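Small disclaimer: the values here were computed from a predicted structure and weren't measured. Below, each value reflects all heavy atoms present in this structure, side chains not excepted, and no hydrogens, waters or symmetry copies.
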There are 2 protein chains.
Amino acid sequence: MEKAYHSIGELAEATDTKVETVRYYERIGILPAPKRTSGNYRAYSAGHLARLSFIRRARDLGFTLDQVRALLALADQKKQDCGTVDALAREHLADIDRKISDLKALRRELSGLIGQCKQGTIADCRILSALSPR
Amino acid sequence: MEKAYHSIGELAEATDTKVETVRYYERIGILPAPKRTSGNYRAYSAGHLARLSFIRRARDLGFTLDQVRALLALADQKKQDCGTVDALAREHLADIDRKISDLKALRRELSGLIGQCKQGTIADCRILSALSPR
DNA sequence: TGTTGACCCTGTACCGACTACAGGGTGCAG
DNA sequence: CTGCACCCTGTAGTCGGTACAGGGTCAACA
Ligand SMILES: [Zn+2]
Ligand SMILES: [Zn+2]
Ligand SMILES: [Zn+2]
Ligand SMILES: [Zn+2]
């Protein structure tokens, strides 16, 4: 038999989340408020655990919390087709690709600068002179 | 002859910065407070323009404002050698490399998920099922 | 039985790097 | 003289958490 309810600490540990973050998710309304014990402790059901796991996996994949909200809403429309989900995921993939190419451009520029430095004095440093207006 | 002083709007335009951001830089102490006109408008010197340009270029290269502060402080030590500058730049390059490889790993995972989706119903969507705990 | 200590509660402030107003003042051109 | 672009201060919001402070709860152990 599974334990029916979990404390916030257990939920946090099971999903590799900080306790404060779990409370934060409740505050912003992405994780529903659970029942309370007589001592006013939060008592989470298996449903909460599943939802928090979902949130965390999606966050680990880089979805924003708003996107996660959208994904969670879609997940409940079981018989609709998943085109919207896929579109969301593809959009996010495009975001990632954009970030990667931006970072690569940055990397090229910065490593070019570093390569030019001859390790002399500050006055001659190519890195600093590239940053200063001519 | 160059105009001796510039308004905040001119400075902002010349460095592709928002006016609010220029004031923000002053507030956090990275850009010194300029003189004021009789009407209490900020009046920036060429030195301010140079410093702001430096800040913006460094930011564009992805340095944090704290790193920019450090670079600016180093830039004033003209006769010291530039080892510290270069170390800072190399560290930042390593940060960028880490970000790129993190994003690539993410990209692989996400595009794998997207590839598995057969465009059926939500109930069968591989993207959602990969996010849900089994 | 009492006391320690781990856990939980609320509320608030903070991080980085801006951005966006609201509610006013200034300065110049027509 | 009036309209408009620009400037001023101060404050709050963004995103996704994180970090306390100042308390309450609960189980184990002496
Ligand atoms: Zn449990
Ligand atoms: Zn150098
Ligand atoms: Zn000017
Ligand atoms: Zn699908």
Side-chain angles (χ1 to χ4, degrees), chain A residues 3 5-31 33-44 48 51-72 92 95-96 99 102-103 106, chain B residues 3 5-31 33-44 48 51-72 92 95-96 99 102-103 106:
Chain A
K3 215 157 107 195
Y5 292 101
H6 306 276
S7 72
I8 194 169
E10 283 172 344
L11 211 72
E13 208 194 340
T15 57
D16 199 22
T17 308
K18 304 217 166 173
V19 166
E20 288 95 337
T21 304
V22 179
R23 285 195 286 246
Y24 167 71
Y25 287 163
E26 178 179 327
R27 210 166 62 237
I28 64 167
I30 199 169
L31 187 66
K35 289 190 212 166
R36 297 295 181 115
T37 66
S38 58
N40 199 31
Y41 283 19
R42 286 172 180 81
Y44 293 99
H48 286 102
R51 192 174 172 101
L52 180 54
S53 300
F54 186 104
I55 295 169
R56 288 263 108 192
R57 281 175 215 229
R59 289 287 302 127
D60 284 349
L61 285 170
F63 287 98
T64 66
L65 284 173
D66 268 358
Q67 289 173 324
V68 178
R69 257 185 255 267
L71 288 171
L72 282 164
H92 178 41
D95 284 352
I96 292 172
K99 275 182 191 157
D102 286 357
L103 280 173
L106 211 65
Chain B
K3 216 157 109 197
Y5 292 101
H6 306 277
S7 72
I8 194 168
E10 284 172 344
L11 211 73
E13 208 194 340
T15 57
D16 197 22
T17 307
K18 303 214 166 174
V19 165
E20 287 95 336
T21 304
V22 179
R23 284 194 287 247
Y24 167 72
Y25 286 162
E26 179 180 327
R27 211 164 62 235
I28 63 166
I30 199 169
L31 187 66
K35 290 190 210 164
R36 297 295 181 115
T37 65
S38 58
N40 200 31
Y41 283 20
R42 286 171 180 81
Y44 292 99
H48 286 101
R51 192 174 173 100
L52 181 54
S53 300
F54 186 104
I55 295 169
R56 288 264 105 191
R57 281 174 215 230
R59 289 287 302 126
D60 284 350
L61 284 170
F63 287 98
T64 66
L65 284 173
D66 268 358
Q67 289 173 324
V68 177
R69 257 187 256 267
L71 288 170
L72 282 164
H92 178 41
D95 284 352
I96 293 172
K99 276 181 192 158
D102 286 357
L103 280 173
L106 212 65

Is there side-chain contact between A:L72 and A:I55, with heavy atoms separated by less than 4.5 Å?
yes

Letter per nucleotide, 5' to 3', of nucleotides 25-30 of chain C [B base touched, S only sugar-phosphate touched, - untouched; heavy atoms, 4.0 Å]
BBS---

Rounded to the nearest 0.5 angstrom, the CZ-CG distance for A:R57 and A:D16 is 12.0 Å

Need two values: the first and the last nucleotide of DNA chain D, 5' to 3', having an atom under 4.0 Å from any heavy-atom of chain A.
D:dG16 to D:dC26

Can you measure A:H6 atom NE2 to C:dC7 atom P for me and round it to whole angstrom units?
17 Å

Quick one: CZ on A:R42 to CD1 on A:I8, what's the gap to the nearest 0.5 Å?
5.0 Å

With a non-hydrogen cut-off below 4.0 angstrom, is B:R23 in contact with a base, only sugar-phosphate, or nothing?
base

Rounded to the nearest Å, what distance is computed from the CZ atom of residue A:R36 to the C1' atom of nucleotide C:dC8?
10 Å

Does C:dC18 have OP1 or OP2 under 4.0 Å away from a side-chain N or O of B:R56?
yes

Report yes if at least one side-chain N or O of B:K18 is closer than 4.0 Å to OP1 or OP2 of C:dA17; otherwise report no.
no

For a side chain to side chain contact (heavy atoms under 4.5 Å, CB included) check, start with the C-alpha distance between A:Y44 and A:V22, then their side-chain angles and the critical distance, and finish with the verdict.
CA-CA 11 Å; A:Y44 293 99; A:V22 179; 3.5 Å; yes

Remember a base hit wins even if backbone is also touched, and classify B:R59 as base, sugar-phosphate or nothing at under 4.0 Å, heavy atoms.
sugar-phosphate

Do the non-hydrogen side-chain atoms of B:R69 and B:I28 ever get within less than 4.5 Å of each other?
yes

Closest-nucleotide ordering on DNA chain C, the 5'-leading residue of A:Y44 and B:E20
A:Y44

Touch check for B:I8, heavy atoms < 4.0 angstrom, all strands: base, sugar-phosphate only, or nothing?
sugar-phosphate

Please give, in whole Å, the distance from C:dA17 P to B:E26 CD?
19 Å

Measure CG/B:D16 against P/C:dC18 and give the value in whole Å, please.
12 Å

Residues in salt bridge (Lys or Arg N to Asp or Glu O under 4.0 Å) with B:R23, at least two apart?
none

Is the backbone of B:T64 close enough, under 3.5 Å, to the side chain of B:H92 for a donor and an acceptor to pair up by distance?
no

Within less than 4.0 Å of OP1 or OP2 of C:dA17, is there a side-chain N or O belonging to B:T21?
no

Integer-rounded Å distance: C:dC15 C1' and B:D66 CG
11 Å

Tell me whether the OP1 or OP2 atom of C:dG16 has a side-chain N or O from B:T64 closer than 4.0 Å.
no

Atom OG1 of A:T17 and atom CZ of A:R56: how far apart are they, to the nearest 0.5 Å?
4.0 Å

Between atom CD of B:E20 and atom OH of B:Y24, what is the distance when rounded to the nearest 0.5 Å?
13.0 Å

What's A:F63 touching, base or sugar-phosphate or nothing? Going by heavy atoms closer than 4.0 Å.
nothing

